[in-house]
Amino acid sequence: MKQLLYFLAVAIAAMLTSCSSNEEELWIEANGSGRYESTMDLSGIYPFILMGLNSESEEEEGEEEDPFTKMMEGLLQSESVDTLISFSDMIARELEKEGKSLDMLLDSLQSINVKEAGITEAEKEANLKMFREMTNIQLRMQVKKSESLFKITTINTFDDIAEFEQGGNFMETMMGMRDDAAMGGQSEMIDDVLGAQTQFSFSGKTLNVSRRGQDMGDMSEEDKQQMQMVEGMLGDEPYRLTIHFPGKVKKKLNSKYATRVDKETVVIEIPQEDLKNPDMKLDLGIKFKGLK
């Protein structure tokens with residue numbers, strides 16, 4: 001299964017770089033809460049994932065797998081499935097087997113003595129943040145063998161737009177759960193790709209959306225070749241982000257990539273060639289009404 005996780009990691013890293021077949025959607029409610037969804041269409045590599053699973057199932061027969069790996073393997077080999085996965089439910093079930101709960105785990109993370117654990121306060125806070133984000137993420141998995149269909153939609157809800165910085169996605173979830181060895185030693189490449197993702201910040205009545213082009217200059221030739229191979233399988237659709245506001249959006253948008261499609265909706269679309277240009281910068285402030 002390590003090869004599967006690595007191949008998925010490279011595939012999604014390529015998708016996050018080029019954003020081919022990647023659509024994101026953000027809904028903001030009048031009270032500041034909302035939902036962020038990111039859908040990645042991995043159908044182009046699905047047949048190769050199945051080939052890898054079939055070969056690995058023979059090699060790894062008898063090896064104990066973690067619940068997440070078992071779940072992924074089962075879903076990917078299903079004839080047809082459209083299911084919603086809650087990470088909090090999955091973690092809670094595993095903890096219950098040990099007589100524990102999510103609240104108990106959170107309490108233990110909060111009470112960690114950083115000196116005894118040999119970590120910094122920043123690392124402790126990062127672990128707590130990762131735990132909270134993990135338990136707040138849902139995944140919609142769509143698989144249909146007859147059509148070679150494989151899609152992953154990350155659903156991330158939030159209570160306050162002022163605290164929303166970046167939409168959670170499957171790649172970030174994998175990174176939080178990862179073992180560097182299982183990722184084939186590619187964590188630096190993937191971390192760099194994640195650093196180029198769309199960021200959000202809220203100030204006054206303005207939602208700020210920013211993104212930079214991906215700099216692949218420091219990537220090894222082997223990594224570049226792998227990324228290019230996967231990109232060729234995934235296609236070349238532009239990156240598309242749709243934002244639904246709770247009130248009227250100001251007409252003037254200071255970016256060639258942004259369009260106000262109606263009074264309360266803005267669409268951002270960036271071509272692949274721009275996403276791969278390290279000099280590309282999106283710094284868009286969208287003023288809107290509607291928050292109570």
Side-chain angles (χ1 to χ4, degrees), residues 9-28 34-45 151-156 161 164-172 175 189-203 206-219 223-224 226-245 249-288:
V10 173
I12 299 173
M15 179 167 285
L16 292 174
T17 301
S18 64
C19 286
S20 54
S21 303
N22 187 15
E23 291 198 6
E24 299 175 352
E25 201 155 3
L26 172 64
W27 289 265
I28 304 172
R35 184 173 86 256
Y36 184 89
E37 294 188 6
S38 177
T39 298
M40 292 181 286
D41 189 344
L42 296 163
S43 302
I45 63 169
K151 290 184 178 181
I152 299 173
T153 299
T154 306
I155 304 169
N156 183 14
I161 183 62
F164 181 68
E165 297 177 354
Q166 181 176 355
N169 55 47
F170 181 63
M171 188 60 197
E172 289 172 288
M175 295 305 294
M189 174 188 73
I190 295 165
D191 283 338
D192 183 56
V193 169
L194 287 177
Q197 297 314 290
T198 303
Q199 304 288 329
F200 301 91
S201 64
F202 181 73
S203 177
T206 302
L207 177 70
N208 299 295
V209 185
S210 61
R211 187 183 179 100
R212 62 175 174 82
Q214 181 65 39
D215 187 357
M216 299 175 65
D218 295 332
M219 195 176 291
D223 288 341
K224 288 180 182 178
Q226 290 172 332
M227 294 276 277
Q228 289 168 357
M229 176 189 70
V230 175
E231 284 175 3
M233 299 177 188
L234 293 173
D236 59 358
E237 294 297 316
Y239 166 74
R240 185 179 176 89
L241 166 64
T242 303
I243 308 174
H244 305 275
F245 293 90
V249 175
K250 188 175 180 180
K251 287 185 178 181
K252 186 176 180 181
L253 298 172
N254 59 338
S255 173
K256 65 180 181 180
Y257 303 118
T259 304
R260 195 183 78 150
V261 295
D262 62 42
K263 291 181 179 180
E264 299 178 352
T265 308
V266 172
V267 172
I268 296 171
E269 193 167 282
I270 308 176
Q272 278 206 43
E273 55 267 29
D274 289 4
L275 291 165
K276 296 174 184 177
N277 180 357
D279 296 326
M280 190 281 291
K281 288 184 180 180
L282 171 68
D283 290 301
L284 174 63
I286 307 173
K287 294 184 179 181
F288 68 98

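On a predicted model such as this, the values are computed, not experimentally measured, just so you know.
The two residues Ile161 and Phe202 have their closest heavy-atom pair at O-CB, 3.9 Å. Considering every non-hydrogen atom in both Pro271 and Pro238, the closest pair reads CA-CB, 4.0 Å. For Gly285 against Asn254, the heavy-atom pair with the smallest separation is N-OD1, 3.7 Å.
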Verdict with reasoning, Leu26 to Leu207, per side-chain contact (heavy atoms from CB on, under 4.5 Å): CA-CA 11 Å; Leu26 172 64; Leu207 177 70; 4.1 Å; yes

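Classification of the Phe245-Phe288 ring pair by plane angle, with boundaries at 30° and 60°, yields tilted.
Of the residues listed (Thr198, Thr242, Thr154), the one engaging Glu24 in a side chain to side chain contact (heavy atoms under 4.5 Å, CB included) is Thr198, and it is the only one. Each of Glu23, Glu25, Glu269 was scored for a side-chain hydrogen bond (donor to acceptor under 3.5 Å, both in side chains) with Arg240, with one residue passing: Glu269.
Atom OG of residue Ser203 and atom CG of residue Asn208 lie 6.5 Å apart, to the nearest 0.5 angstrom. The distance from the CZ atom of Phe200 to the CG atom of Leu241 is 5.0 Å, given to the nearest 0.5 Å. Atom CE of Met40 is separated from atom NZ of Lys151 by 12.5 Å, given to the nearest 0.5 angstrom. Interatomic distance, Leu42 CG to Ile152 CD1, rounded to the nearest 0.5 Å: 5.0 Å. Atoms CD1 and CD1, from Ile286 and Ile28 in turn, are 8.0 Å apart once rounded to the nearest 0.5 Å.
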In a table with atom names and distances, give each donor-acceptor pair under 3.5 Å that connects a side chain of residues 256-263 to protein atoms at least two apart or in another chain.
unit_1	atom_1	unit_2	atom_2	d
Tyr257	OH	Asp274	OD2	2.7
Arg260	NH1	Val249	O	2.7
Asp262	OD1	Glu264	N	2.9
Asp262	OD1	Thr265	N	2.8
Asp262	OD1	Thr265	OG1	2.9
Asp262	OD2	Thr265	OG1	3.2

